[in-house]
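By convention in this document, chain letters (A, B, ...) are assigned in the order of the sequence lines, proteins followed by strands, and residues within each chain are numbered from 1. Heavy atoms only: backbone and side chains are in, while hydrogens, waters and symmetry mates are out.
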Protein chains: 2
Amino acid sequence: MEDRLIELAELFKVFGDSTRIKLLYTLLDGEKNVGELATLLSMNQSAISHQLRILKTSDLVKVRRDGKSMYYSLSDDHVESIIKLGMDHICEED
Amino acid sequence: MEDRLIELAELFKVFGDSTRIKLLYTLLDGEKNVGELATLLSMNQSAISHQLRILKTSDLVKVRRDGKSMYYSLSDDHVESIIKLGMDHICEED
DNA sequence: TTAACATATGTTCAACTGTTCATATGTTCA
DNA sequence: TGAACATATGAACAGTTGAACATATGTTAA
């Protein structure tokens, strides 16, 4: 069980960064390429790319290429569930 | 929305540490005092105390005093839901 | 092939984080 | 009151992290 808990912490660590949460949240609305994401988040391309790689490694997003662009999207709807549950917790706190 | 997402990241950050996840997981089983938690996690009292403080500040646990001991417990069952959902995600990945 | 574009990657650095050690606070009981 | 116990807190240190910059890779179209 210890190992699973460590793995669980790793998962939450990925959600535990505002840039990555913003990326995931933005992708709830559908796939987007790196440039679009950088614009939407007002951050430079490199930072976005680095964070997308972490999300990809964690299997939270998937990618497809279309010409010069790479289109990222959520890899399954667990991501949405987790974000929503977290939001529930936050909203109940008032 | 940006602010909420930042707050959400803060919440997940708290779950994103193996010591804290272990503490929360251990508390699923009911309230425990600091010494018990330190023993169960094989960690020193100070480290446990520091992490409990973070959990407390985030309103994930609550405390009551009983004599010399401080008994910690989960503050609501959202914590359990979030842990379970995270586990679901991990277990489906095979 | 070459220029222009889109994205990825390597490196560096400042900021943050978790643990440990030492010590302070608070409680009980003799 | 004072000793023993339980927990909290402060400081210090090593390890980690995210962003920025520079540059590499890969794709398209001329």
Side-chain angles (χ1 to χ4, degrees), chain A residues 2 5-27 30-75, chain B residues 2 5-27 30-75:
Chain A
E2 165 131 19
L5 290 172
I6 291 172
E7 199 179 343
L8 191 54
E10 295 302 323
L11 175 67
F12 286 128
K13 204 171 293 183
V14 178
F15 283 83
D17 170 79
S18 59
T19 298
R20 289 191 293 267
I21 276 280
K22 285 177 198 169
L23 286 171
L24 293 171
Y25 183 83
T26 303
L27 291 175
E31 70 169 9
K32 301 201 170 28
N33 66 39
V34 180
E36 289 170 332
L37 291 168
T39 301
L40 287 166
L41 271 67
S42 307
M43 289 183 63
N44 79 52
Q45 175 269 319
S46 175
I48 295 299
S49 219
H50 276 294
Q51 296 306 330
L52 285 170
R53 191 161 74 93
I54 292 173
L55 294 174
K56 180 70 175 41
T57 301
S58 312
D59 283 317
L60 297 178
V61 301
K62 53 181 194 252
V63 210
R64 72 178 180 85
R65 177 181 284 283
D66 180 18
K68 291 177 251 181
S69 297
M70 301 294 272
Y71 281 86
Y72 284 80
S73 57
L74 301 180
S75 51
Chain B
E2 164 130 20
L5 290 172
I6 291 173
E7 199 178 344
L8 191 55
E10 296 303 322
L11 175 67
F12 286 128
K13 204 171 293 184
V14 179
F15 283 83
D17 171 78
S18 58
T19 298
R20 288 189 296 265
I21 275 281
K22 285 178 198 168
L23 286 170
L24 293 173
Y25 183 81
T26 302
L27 292 175
E31 70 168 8
K32 302 202 168 28
N33 66 38
V34 179
E36 290 169 333
L37 290 168
T39 301
L40 288 167
L41 271 67
S42 307
M43 289 183 61
N44 79 50
Q45 175 268 319
S46 176
I48 296 297
S49 219
H50 277 296
Q51 296 306 330
L52 285 170
R53 192 161 71 95
I54 293 173
L55 294 174
K56 181 72 174 41
T57 302
S58 312
D59 283 316
L60 296 179
V61 301
K62 54 182 192 249
V63 210
R64 73 179 178 85
R65 177 180 283 283
D66 180 17
K68 292 178 251 179
S69 297
M70 300 294 273
Y71 282 86
Y72 283 82
S73 57
L74 300 180
S75 51

Quiz item: Does the side chain to side chain contact (heavy atoms under 4.5 Å, CB included) test come out yes or no for Ile54(A) and Leu60(A), once each step is laid out?
Solution: CA-CA 9 Å; Ile54(A) 292 173; Leu60(A) 297 178; over 6 Å; no

Exercise. Would you name the heavy atoms of Ser18(A) and Ile6(B) that are closest together and state the gap between them?
Key: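 Distance-wise, the nearest heavy atoms are CB-CG1, 4.1 Å.
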
Quiz item: Of the non-hydrogen atoms in Gln51(A) and Leu23(A), which two are nearest, and what is the gap between them?
Solution: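 Looking at all heavy atoms of both residues, the shortest contact is CB-CD1, 3.8 Å.
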
Quiz item: In the 5'-to-3' direction, what one-character label does each nucleotide of nucleotides 9-17 of chain D receive under the scheme B = base within less than 4.0 Å of a protein heavy atom, S = sugar-phosphate only, - = no such atom?
Solution: BBB------

Can you measure [X] atom [atom1] to [N] atom [atom2] for me and round it to whole angstrom units?
| X | N | atom1 | atom2 | value |
| --- | --- | --- | --- | --- |
| Asn44(B) | dA8(D) | CG | P | 13 Å |
| Ile54(A) | dG18(D) | CD1 | C1' | 8 Å |
| Ile48(A) | dC21(D) | CD1 | C1' | 16 Å |
| Phe12(B) | dG18(D) | CZ | P | 16 Å |
| Met43(A) | dC21(D) | CE | P | 12 Å |

Self-check item: Charged N-O contact under 4.0 Å between Glu2(A) and Lys22(B)
Solution: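 Judged by the 4.0 Å cut-off on N to carboxylate O distance, Glu2(A) and Lys22(B) do form a salt bridge.
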
Practice problem: On the 0 to 90° scale, with breaks at 30° and 60°, tag the Phe12(B)-Phe12(A) ring pair as parallel, tilted or perpendicular. | Solution: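 Ring orientation, 0 to 90° scale: parallel.
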
Paired with [N]: which nucleotide, if any, by Watson-Crick or G-U wobble criteria at under 3.5 Å for both distances?
| N | answer |
| --- | --- |
| dA30(C) | dT1(D) |
| dT23(C) | dA8(D) |
| dA14(C) | dT17(D) |

Self-check item: Point-to-point distance, once rounded to the nearest 0.5 Å, from CD1 of Ile21(B) to CG of Leu8(A)
Solution: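 These two atoms lie 4.5 Å from each other.
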
Quiz item: Which part of the nucleic acid, if any, lies within contact of Tyr72(B), taking any heavy atom under 4.0 Å across all strands shown: a base, the sugar-phosphate backbone alone, or nothing?
Solution: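 Result for Tyr72(B) = sugar-phosphate.
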
Quiz prompt | Residue whose closest nucleotide on DNA chain C lies nearer the 5' end, Arg65(A) versus Arg65(B) | solution =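 Between the two, 5'-proximity favours Arg65(A).
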
Exercise. Applying side chain to side chain contact (heavy atoms under 4.5 Å, CB included), run through Leu24(A) and Val14(A) and close with a yes or a no.
Key: CA-CA 10 Å; Leu24(A) 293 171; Val14(A) 178; 5.6 Å; no

Quiz item: 5' to 3' on DNA chain C, which nucleotides open and close the contacts with chain A (atom under 4.0 Å from a heavy atom)?
Solution: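 Going 5' to 3' along DNA chain C, contacts run dC5(C) to dG10(C).
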
Exercise. Using side chain to side chain contact (heavy atoms under 4.5 Å, CB included) as the criterion, point out the one residue from Lys32(A), Lys62(A), Glu36(A), Arg65(A) that pairs with Tyr71(A).
Key: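 Testing each of Lys32(A), Lys62(A), Glu36(A), Arg65(A) against Tyr71(A), the sole residue satisfying side chain to side chain contact (heavy atoms under 4.5 Å, CB included) is Glu36(A).
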
Self-check item: side chain to side chain contact (heavy atoms under 4.5 Å, CB included), paired with Val34(A), selected from Val63(A), Leu52(A), Thr39(A)
Solution: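 In the set Val63(A), Leu52(A), Thr39(A), the residue that makes a side chain to side chain contact (heavy atoms under 4.5 Å, CB included) with Val34(A) is Leu52(A).
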
